[in-house]
Amino acid sequence: MDIFFGQLFTGLSIASILLLVALGLAIIYGAMGVINLAHGEFVMLGAYGTWFLQSQFGLPLIPCLLLVFFMVAAAGWVVESTVVRFLYHRPLDTILATWGIGIMLQQAVRLSAGAELRYVQTPEFLSGSIDIAGVGIPSYRLFILALTAALLALTWFVIQRTEFGMKLRAVTQNREMASCYGINSARIYSLTFAFGSGLAGLAGALVAPIKSVAPDMGTNFVVDAFMVVVVGGVGSLIGTVVSSGLLGSGTAGIAFLLNDTLAKALVFLAVVVLVRFRPQGLFVDQRRR
Amino acid sequence: MSKSTLSRSKPYAQLAAYLLFCAVILAVPSFVTDAFLLNKFARYLALGLAAAALALSWGYAGILNLGQGVSFGIGAYAIAMHLKLKTSPVHTGSAGLPDFMVWNNLDHLPWFWQPFHSSLFAVAAGILAPVVVALLLGSFMFRARIAGVYVAIITLAMLAVVNLLFIDQQAYTGGFNGITDLAWLEAGSVTFDPYSPAFYYLSAGALSLCLLLGLAFTRSKAGLILQAIRNDADRVRFFGYDVAAYQSLAFAVSAGMAGLAGMLYAMVLEFASPTFMGVPLSLSMVIWAAVGGRGSLLGAAIGAILVNFMQGSLSESFLDTWQLILGGMFILVVVFLPNGLSSLIGILADRLTRPARQTPDTALAALSEAPRAGRTPS
Amino acid sequence: MAYLELHGLEVSFDGFKAVNGLDLAVERGELRCLLGANGAGKSTTLDLICGRTQPTGGRILLDGQDITSAPEYRRARHGVGRKFQVPSVFRELTVRENLEVAHSRHPGPARTIRLFPGIRLDRRIAEVLEIVELADELDTRAAFLSHGQTQWLEIAMLLVQDSALILMDEPTAGMTIQETGKTSRIFQRLRGRHTLIVVEHDMGFVREIAETITVLHQGKRLSEGSIRQVEEDPKVREAYLGSGGISHA
Amino acid sequence: MTFTRRNFLKSTAVAGVAGSVGFPHIWIKDSGAAWAANGEIKVGVLFSLTGTTAVVEKSMHNATMMAIDEINAAGGINGMKLTAIVEDPASDPATFADKSNKLVLNDKCVSVFGSYTSASRKAVLPVFEKRKNLYWYPTLYEGRECSKNVMYTGAVPNQQQKEFIPWLVKTFGKKFYLIGSNYIYPKEENNVCKILLKELGGEVVGEEYVPLGHSEFGSVLNKFRETKPDVIFSTVVGDSVIALHKQYKAAGFSPDKMPMASLTTSEVEIAAMGGEYAAGHFTSAPYFMGHQSKENEVFVENYRKRFGKESVTHFVSEAAYFQMHLFRKAVEKIGKGDITPIAVRDATAGLEIMAPQGKVKVDGDNLHCYLWPKIGQAQADGQFKVIQQSSDWVKPEPYWAYPGQSCTKDGLKGA
């Protein structure tokens, strides 16, 4: 019985990591239609930021999280105002431009922080495991689960219950019309992009202690996050949550029954079928043509 | 000259440009004899063919195929299987059985490897297998009127699946190492040593043939309808065209050409590896086509050749920073030159012949617009 | 058995019935005008006939065949041509290329792949070009045409397509008086050889071309007949005049 | 999409001309093959500086360059300077093949030193065999290869496992769970491990391969819980090792009861995961940084002086280091003779050299090296404590698991 519970938790944990990384992408892609292939690199920047703060200033993980959020958000702002700003009417070109940004960020980090793998420490009180129903559940993963839920709530609150969120939704519906009502849509876009990038940085910081921190760690994050957002439905937060749950537990389940390679292949196949039959995603309703 | 004569001369100018390019690449071996350089150029031409194939489906039909590596890889593996069967295994000893099969404890050649003893079958499979895969995937997607970003996502996911399966089935595909130590292709009396002018002519000939056939295809009515589909797929349906059939057609022709490019690439490198079906290479092809000019097969081919040539020479001289330069270049071209370098020439030519007429950039907005106006996160 | 028959046609979007049990019969070669206030379901009816929208109820019979669930391109091959309210042409292609696409006698891919055919304009297209006076814009990209010219181009493409049933959605919107006059002369010549359904607001234009008029109201047929009968029909008066004067017509 | 048909003539003409003028060296004829001309010996250095395996290969690159500088500082070889031509194959097998062609054909290197993964070795192997050049491969690998154009200075399965597996069975128990990355190296090592276990009456309770670059081991750890093995025999490579160790500890397992025994985890991976995640696990390798020997102290001190006091040496960079000195001894042995790749290979056969791990000898038949396998237990400080060391150097047998086959002077015998 405890194996089942252990497996259930593993699925939940994978899902939470997927959601953590996909959240920032959901905001940027959902709200602005910008396909940011450099999203993985922002996750990497978050991880390296944490390593830098820990190794140079000895800051424990928790305070690092906040600092890293703003550092990577600033990086996102710079990227948006220098490059992405020109591409809002050309969604497919953003794929190429952001891929170019990704390559540059990777090489810049490789030159500055070196190509070696970097070590990020888990905080002392979180490095153990807690016995629940006879199974050792890693407490750090519980921490990630809790924090992801909190971030989700924060994001939902910002989008639905704040003035910035209202403006963002207006600009998403119709950028030109929103500008007519005095909303500075350019600034809203920059803020949104920074917010999304900050979330990615936070994901990187949280994931760093349990994954390996290397200049090219971003690539496989961005492919999975992209799948989660598209399957969940463009611009639908609930969709992103449910689809990361589905894809996460699916991967974990198949990996336990078969092996990890087939798990990855089958989940990708599931994405192909899901996008084919529900292109607009699980939670966006049919729009009248 | 008045507008109409200029435009009537346009198709001939384009044909002349294609023929000139073919002449230039076919003339190279007469004044370049360094074996190493010939091999390198042959490789760039093969990649040029892959980019041209992508320009056909993306530039003309608006189908952004992020999984071009699937067709490219299948072509590469088809010819590699044939050439592997022709080499006598040195390290494992058992007669005729490829080394990776011995390592994976296979005692006989699997049935689907048998036909690859014949080079004709291998070459045919290298082109037709990608076409069949493209037709299946094409109708699977286009019957459901999938477009824009969703096509990109599905092709990317298919690429990941194919890559994973090729790596996993090590006994039959050589797994992560791929198929190495290949013999040289023989056709009649000619053996195509990848360091000989003969191979260069094969590569240049294939590129020229495909460019001219591609030009003919795009200049035909079918090509025109594809451009109309890219412009407004729904409107085309109301004129009685089965849009899904046309999109699958463009997708399949592009896959066939990419399969041929994969074959040339595997032969020039003398091995086939799952990295041919990796995300980075497929995305690079998209970038080469964008840099060269996705609207024209020749532009995309030239884009691929230039970028790879620069990448080759940059990575030697700027060991640490070549990736920075490359990434920067991609951004500049995509942001400031939406139609790639070839449009640069077009713009310059415009400036010279008459005052620049500001062409509205609406064309790009219509480029299979992603459903951006999705509902905000609720 | 009329050429086109709609039986209890119905379509609802989230409960709102844009077309609500519509019955209509149009004879071969007839020119039928569809009138009605905004939101009466005129354009939606054209959408249902040409297949742009799938109905939630009822049946569509064209020349005796049930095309209710046929895809757009199969209906187009049966002879249905559609001009849209917002003029929709291929903006990136030249006028010549737009017309060549519209010339869809053999739409199958097998027939359209011809090596180096060169785009030659046959007699049909040349004749249409004279009518719509776009002959000297042949190689201009459609994006550069004026609004009026774009309307004419789309009408020309319809003529080149030579469909048996032509659905026109406000063809004279944004046209000058002379252009409207010319459009009505074209429609007069098309009558008989083609069946036309025209959605229009310009009453002057309707008076010139109309034989029978059908007035729609809230997705249903309100009244049908000659222009005089319709104008005197109390139901029409009450539906329109009652809601505050002629300006709403 | 404005069509680019207009005036395309100009564009191709411009590109064509720029293309041909652009690279002047196009005109030079193919200069004769002078391997060691005008007082310098050219060698290729082919380790990835970018891409997924740059993590390990950078340290191998550093060790090789350090050896070259040491040789040149001591006056070069027979008065000739050793010139390194460095290329970055970017962890991509296709680029490995391309760059090795350049080093062999274009730059006329006498030998090329390079690559970490089996995939990159397999990609370059045909180049060196067709062009009769010599490739020096410092990494442990799966064996079953008998090329006359490759010097293997890394360990083969029999050297790493013949003492390690029995020790593990004796110390911890008979039930083994085999976990590895999904390619030929782990599968071949597991073949050898299964043979050894059968001889010792051991049992394989599970065998699984995860994709390369995999970082989510939740399900695998659950399988450990289910099958309760005594030893986890890990042939996971690259950055997956870090994720596996971190998640192992977080799941509450303890190395005292169920240790992870690896052939690949080295000081580099431990530095990346943090000592506390590696502490208690075992690795079998010919060299550990903590090995007590005069040569090793000098090696570690020079390495740290040059690449920073935090840098670590490990068995793969140690092999990259001593193979360069082997090359030096071979060229010195040739003396005045014509220095060609084949001459270097023949001169290396039977050579001995004092490497940081101890005295190593080259086996003349199969061009592998007699090495000193050791079993080390990782400590929290990131170093290994040597638990057991082989009393004598162990003969390399690339075909140990395949009786009747052996790699001899003139190729494979007993197919």
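Quick caveat: nothing in here was measured; it's all calculated off a predicted structure. Note on naming: letters A, B, ... go to the chains in the order of the sequence lines (proteins, then strands), and numbering restarts at 1 for each one.
- D34(B) places a side-chain heavy atom less than 4.5 Å from the side chain of N106(D).
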(request) Output, in order, the C-alpha distance, side-chain angles, deciding distance and verdict of side chain to side chain contact (heavy atoms under 4.5 Å, CB included) for V102(B) and R144(D). (result) CA-CA 10 Å; V102(B) 173; R144(D) 256 183 127 173; 3.2 Å; yes
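- Interface residue L164(B): only side-chain heavy atoms are found under 4.5 Å from chain D.
- The candidate with the highest count of non-hydrogen atom pairs below 4.5 Å against chain D, out of K40(B), R43(B), E270(B), is R43(B).
- Under the rule for a disulfide (SG to SG under 2.5 Å), the partners of C407(D) that lie at least two apart in sequence or sit in another chain are C146(D).
- Looking at F271(B) and P93(D), their side chains come closer than 4.5 Å, going by heavy atoms from C-beta outward.
- At a 4.5 Å heavy-atom cutoff, the contact between D98(D) and chain B is made by backbone and side-chain atoms alike.
- Note that CZ of F36(B) and CG of L103(D) are 8.0 Å apart. Values are rounded to the nearest 0.5 Å.
- By a heavy-atom distance cut of under 4.5 Å, S273(B), T275(B), F276(B) are the residues of residues 273-281 of chain B near chain D, going up by number.
- With sequence neighbours left out, K58(D) forms a side chain to side chain donor-acceptor pair (under 3.5 Å) with no residue at all.
- In this structure, the portions of A123(D) lying under 4.5 Å from any heavy atom of chain B include both its backbone and its side chain.
- Between the OH atom in Y183(D) and the CG atom in N177(B) there is a gap of 8.0 Å [rounded to 0.5 Å].
- In this structure, chain B has heavy atoms under 4.5 Å from both the backbone and the side chain of I184(D).
- Inspection of the Y195(B) and N101(D) side chains reveals an N or O donor paired with an N or O acceptor under 3.5 Å.
- Taking chain B as the reference chain and counting heavy-atom pairs below 4.5 Å, the highest number among A97(D), S181(D), S120(D), S118(D) is found for S118(D).
- Proximity to chain B involves both the backbone and the side chain of K102(D), based on heavy atoms less than 4.5 angstrom apart.
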(request) Mind running side chain to side chain contact (heavy atoms under 4.5 Å, CB included) on D181(B) and L125(D) for me, showing each step along the way? (result) CA-CA 7 Å; D181(B) 193 9; L125(D) 193 58; over 6 Å; no
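- Residues forming a side chain to side chain contact (heavy atoms under 4.5 Å, CB included) with D363(D) (at least two apart in sequence, or on another chain): D365(D), N366(D), Y370(D), K395(D), P396(D).
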(request) Would you sort out whether F176(B) and K122(D) count as a side chain to side chain contact (heavy atoms under 4.5 Å, CB included), showing the intermediate values? (result) CA-CA 10 Å; F176(B) 185 67; K122(D) 289 285 183 194; over 6 Å; no
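- Here N39(B) contributes atom CG and L105(D) contributes atom CG; the two are 8.5 Å apart, rounded to the nearest 0.5 Å.
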